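Every chain is numbered from 1, with letters handed out A, B, ... down the list of sequences. Note that the structure is predicted; figures quoted are calculated from it, not measured. The basis for the numbers below is simple: all heavy atoms, side chains too, and nothing from hydrogens, waters or symmetry mates.
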Amino acid sequence: MVIATTRPETLLGDSAVAVHPEDARYTHLVGKFVDLPLCGRRIPIVADDYVDPEFGTGCVKITPAHDFNDYEVGKRHDLEIINILTKQASINDEAPEAYRGLDRFEARKQIVADIEALGLLEKIEPHKLKVPRGDRSGVIIEPYLTHQWYVAVQSLADPAIKAVENGDIEFVPKNWENTYFAWMRNIQDWCISRQLWWGHRIPAWYDEDDKVYVGTDEASVRAAHGLGDDIILRQDEDVLDTWFSSALWTFSTLGWPDETEFFDKFHPTNVLVTGFDIIFFWVARMIMMTLKFTGQIPFKKVYITGLVRDENGQKMSKSKGNILDPIDLIDGISIEDLLAKRTADMMQPQLKQKIEKATKASFPDGIAAYGTDALRFTFYSLASTGRDIKFDLGRTEGYRNFCNKIWNAARYVMMNMEDKSVSDAAHHAPHFSPADRWIISRFEGTAKQIEECMESYRFDIAAQTLQEFVWNEYCDWYVELSKPVLWDDEANPEAAAAARFVLLSILEKSLRLMHPFMPYITEEVWQRIAPLLGITGDSIMLQPFPVPNADNRDEQAEESIEWIKGVIVGIRNIRGEMDISPAKTIKVFLRSDNQADKQRLDEARVFLQKLAKLESIDWLEPGATAPTAATQLHGQLEILVPMAGLIDVAAEQARLDKEIGKLEGGIKAVGGKLGNAKFVDNAPDAVVAKEREKLAEMESAVVALRTKREELAALA
RNA sequence: AGGCGCGUAGCUCAGUUGGUUAGAGCGCUACCUUGACAUGGUAGAGGUCACCAGUUCGAAUCUGGUCGUGCCUACCA
């Protein structure tokens with residue numbers, strides 16, 4: 001019979017040849033015996049489904065002691081299990097004398113040579129296969145039979161499955177429950193023996209007849225089994241699986257079973273935060289063990305984070321040398337130090353050059369210092385529901401800049417408080433400007449959103465919401481809107497004081513809102529500004545987290561400021577596209593059929609003048625002739641920047657064409673929808689109404705812009 | 001091989017129960033040192049939402065398939 005093998009040396013441990021039960025070529029041989037070359041052994045021919053008759057010759061050598069599948073075959077056919085390897089993977093004394101003591105690879109060569117010499121070698125051909133290697137050593141692994149300890153796990157798994165099924169324990173995001181169930185429902189008995197030199201030795205002792213005794217220590221074993229000092233006991237060499245010990249963590253750390261004061265108070269805990277790669281190892285086993293020993297679930301929620309990978313999407317690991325130490329992102333590190341760190345104490349020194357090359361490519365100048373808050377904020381921002389987090393230094397840099405922004409905003413606030421003081425909200429409220437009421441309202445919206453994000457564990461959205469509020473609303477608009485009021489302090493001291501109060505109090509509240517996300521800078525700034533509000537306290541950590549209060553919402557103020565922003569952006573757009581220097585003050589005309597626009601102008605005038613750098617703002621009554629101008633629309637409002645000396649007619653035509661083109665695209669899309677009877681009939685009324693409104697707005701805008709375009713054409 | 005994910009702007013990622021002319025940050029282009037901030041400001045460019053088919057008035061979103069990619073588990077005589 002011809003067999004193939006990639007490990008010829010295992011022939012020494014063969015105890016059968018297997019064929020498929022329905023393989024007509026061999027059925028007549030099943031139950032008979034063959035002579036195993038080199039060993040002088042006669043081994044049976046067995047029939048087993050495991051054999052693929054299509055593969056090779058359809059005959060498989062069976063080595064139960066050194067192959068997982070062969071082991072199963074061996075059990076089915078009650079085959080002899082012959083271990084031919086020592087722990088050092090050389091050939092042991094079970095093999096014929098000629099091979100004893102040879103390293104497994106030496107033995108392989110020798111056996112091939114000997115088989116050939118006997119004329120039994122059919123052929124040698126290359127064959128691709130995956131060889132299992134030790135993670136750390138890189139050494140090829142041989143299956144090898146040993147005695148180890150197992151936990152019969154089914155009776156532990158059943159209640160642990162139920163606890164998640166009935167919602168006592170919830171995974172966030174929920175889809176991870178599938179992973180948990182998949183593992184738990186196919187759970188195998190748990191091998192708890194580990195061949196390591198550290199850890200808890202397995203509490204099992206053997207006498208000289210290999211009879212086993214289990215107990216907490218040797219003395220108690222002797223006592224329990226009446227073993228005198230004359231009997232020699234040796235403890236199992238192996239240690240317990242680390243996950244076995246750590247699965248006791250949830251309750252043993254709370255004093256269970258001796259001191260149960262903390263246990264009674266804190267167990268079960270609320271949330272376990274961990275990575276998905278730990279679901280099998282820790283989460284499942286903590287649940288099983290805690291239910292078993294305490295009868296309680298260990299925690300109510302399991303928040304699963306993504307796994308942080310390197311910039312190429314690779315899992316970080318010390319042996320790969322692609323680890324990023326958080327400290328190095330916080331304090332920064334030179335390329336030399338980073339290389340030294342990544343190549344120190346390597347288990348596979350041959351990888352050194354490769355790691356150095358990759359590190360130099362990724363961090364040619366080392367890593368800059370980004371600070372703890374920026375790093376922390378980066379992780380929040382990346383904590384979405386996906387399972388991978390590719391680490392991007394660019395984002396950390398962006399958040400470092402955000403920290404800088406917060407710092408500078410605080411400087412602005414403090415600078416404006418020099419020699420000034422504020423009173424309380426009740427005193428200032430009557431003097432609040434629309435801008436003051438707007439930012440107060442926006443803060444409420446933000447606080448509300450943060451509350452929702454925290455409840456749903458969407459820290460990424462929370463991070464973005466905070467950054468948007470602080471940077472794009474507080475800094476970009478409110479601080480700017482406060483300037484005309486503060487600089488004109490003498491004209492309206494009450495309004496200025498009110499603005500100072502709002503600047504300060506919103507900053508203070510924002511710091512508290514951000515504190516869990518950026519603990520250091522918020523503390524640092526809070527220490528400086530809280531006293532200005534008369535707030536005393538040792539630390540922002542001990543201050544209340546802002547609670548949303550819907551009373552602070554102010555729709556009117558939000559509309560007012562949206563209007564002002566729209567007008568300013570319109571003017572800036574003309575400036576930007578018409579290449580008007582930001583240093584140049586310009587005249588602006590406004591015109592609208594809508595009286596509300598005129599009223600808004602009255603309260604907005606000072607803000608517009610400063611933020612858009614205007615020389616004058618003139619209101620044109622409907623029908624009044626306007627000067628030739630560059631135009632922007634904001635709703636029904638026409639924003640006109642007179643062209644004389646400023647604007648190139650052709651450029652303005654191009655600008656209008658671009659705008660008209662955009663609107664026409666929109667009209668086509670929305671008009672198409674509304675022209676479809678099925679859409680109008682089937683879509684919810686609110687959706688249809690919204691589309692109609694959009695269409696009407698776009699149509700009137702395009703008419704206005706076309707008129708402007710024609711006026712310009714006449715001029716040219 | 002089996003299981004589970006993922007493919008959205010140059011890059012890293014959001015996009016709730018299908019109803020936007022698809023968003024953010026970084027990067028890019030132009031202009032700007034104005035009295036918080038150049039680690040900044042203003043304006044702008046950039047996407048057939050991997051591909052194909054289907055369901056629907058309507059799909060980045062739901063279904064099926066294809067391709068690509070990642071992880072987990074097992075492992076081929």
Side-chain angles (χ1 to χ4, degrees), chain A residues 3-7 10 18 50-52 55-63 67-70 127-132 175-176 178-179 182-183 186 276-277 279-280 307 309 311 313-315 368 370 374 378 381-382 384-416 456 458 460-461 464 467-468 472 475-476 479-480 483 487 568-569 572-583 610 613 662-663 665-670 673 676-684 686-688 690-691 694 698:
Chain A
I3 55 94
T5 180
T6 57
R7 295 185 298 159
T10 61
Y50 158 68
V51 180
D52 176 4
F55 192 94
T57 61
C59 305
V60 186
K61 64 194 263 319
I62 302 295
T63 323
D67 182 282
F68 294 103
N69 291 311
D70 291 5
H127 179 68
K128 257 197 186 164
L129 75 163
K130 280 184 189 166
V131 181
N175 52 311
W176 287 111
N178 294 331
T179 306
W183 166 262
N186 296 302
F276 60 82
D277 53 337
I279 289 176
F280 312 131
L307 201 62
R309 300 177 183 284
E311 64 282 1
Q314 296 291 309
K315 195 164 164 175
Y370 296 107
T378 305
S381 76
L382 294 173
S384 56
T385 55
R387 55 191 290 170
D388 294 326
I389 298 174
K390 231 195 258 185
F391 191 76
D392 177 16
L393 262 186
R395 289 192 75 147
T396 310
E397 188 179 349
Y399 294 123
R400 181 197 62 186
N401 295 352
F402 179 43
C403 292
N404 186 253
K405 191 75 181 176
I406 294 168
W407 180 255
N408 280 303
R411 277 187 46 205
Y412 170 81
V413 174
M414 289 188 286
M415 205 178 280
N416 280 288
S456 56
R458 287 305 303 268
D460 58 327
I461 299 176
Q464 196 180 338
Q467 189 187 18
E468 240 168 51
N472 301 339
C475 290
D476 284 353
V479 163
E480 294 307 318
K483 286 176 181 174
W487 292 350
I568 291 171
V569 168
R572 283 177 181 167
N573 178 275
I574 293 173
R575 274 187 186 275
E577 302 215 343
M578 293 293 101
D579 234 3
I580 301 171
S581 159
K610 157 67 183 128
K613 194 141 190 179
K662 261 191 206 169
L663 285 165
I667 288 168
K668 202 176 157 198
V670 177
K673 264 191 197 178
N676 183 344
K678 285 179 179 169
F679 169 73
V680 179
D681 292 344
N682 290 313
V687 172
V688 177
K690 202 172 138 198
E691 295 296 314
K694 271 196 319 204
M698 288 189 291

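- In terms of position along RNA chain B, the nucleotide closest to Asn401(A) lies nearer the 5' end than the nucleotide closest to the other residue of the pair Asn401(A) and Asn676(A).
- Closest approach to the Pro582(A) side chain among C31(B), G40(B), A36(B) is made by C31(B) (side chain taken as heavy atoms from C-beta onward).
- The gap from the P atom of C76(B) to that of U61(B) amounts to 41 Å, rounded to the nearest Å.
- Two residues are said to be in side-chain contact when any heavy atoms from C-beta on lie closer than 4.5 Å; Arg572(A) and Ile568(A) meet this criterion.
- Taking only side-chain nitrogens and oxygens, Arg575(A) never comes nearer than 4.0 Å to OP1 or OP2 of G44(B).
- Judged by distance alone, with hydrogens and angles left aside, Glu577(A) brings no side-chain donor or acceptor close enough to the base of A30(B) to form a pair under 3.5 Å.
- Side-chain contact check for Arg7(A) versus Thr10(A): some heavy-atom pair is nearer than 4.5 Å.
- Listed nucleotides A36(B), C37(B), U12(B) differ in distance to Asn404(A); the shortest reach to its side chain belongs to C37(B).
- For the OP1/OP2 pair of U21(B) and a distance below 4.0 Å, the side-chain nitrogens and oxygens of Lys694(A) include at least one atom meeting the criterion.
- By the 5.5 angstrom centroid cut-off and the 30-degree plane limit, Phe679(A) is classified as not stacked against the base of G58(B).
- G27(B) and U21(B) are spaced 31 Å apart, taking the P atom of each and rounding to whole Å.
- Distances shorter than 4.0 Å separate some side-chain N or O of Lys405(A) from OP1 or OP2 on G41(B).
- Residue Lys673(A) has a polar side-chain atom (N or O) positioned under 4.0 Å from OP1 or OP2 of U21(B).
- With G44(B), A14(B), A36(B) as the choices, the nucleotide that has an atom nearest any side-chain atom of Glu480(A) turns out to be A36(B).
- Taking atom C1' on both nucleotides, U12(B) is separated from C52(B) by 29 Å, rounded to a whole Å.
- Mapped onto RNA chain B by nearest heavy atom, Leu663(A) and Arg400(A) fall at different nucleotides, with Leu663(A) at the one closer to the 5' end.
- In this structure, CD of Gln464(A) is placed 8 Å from C1' of G25(B), rounded to the nearest angstrom.
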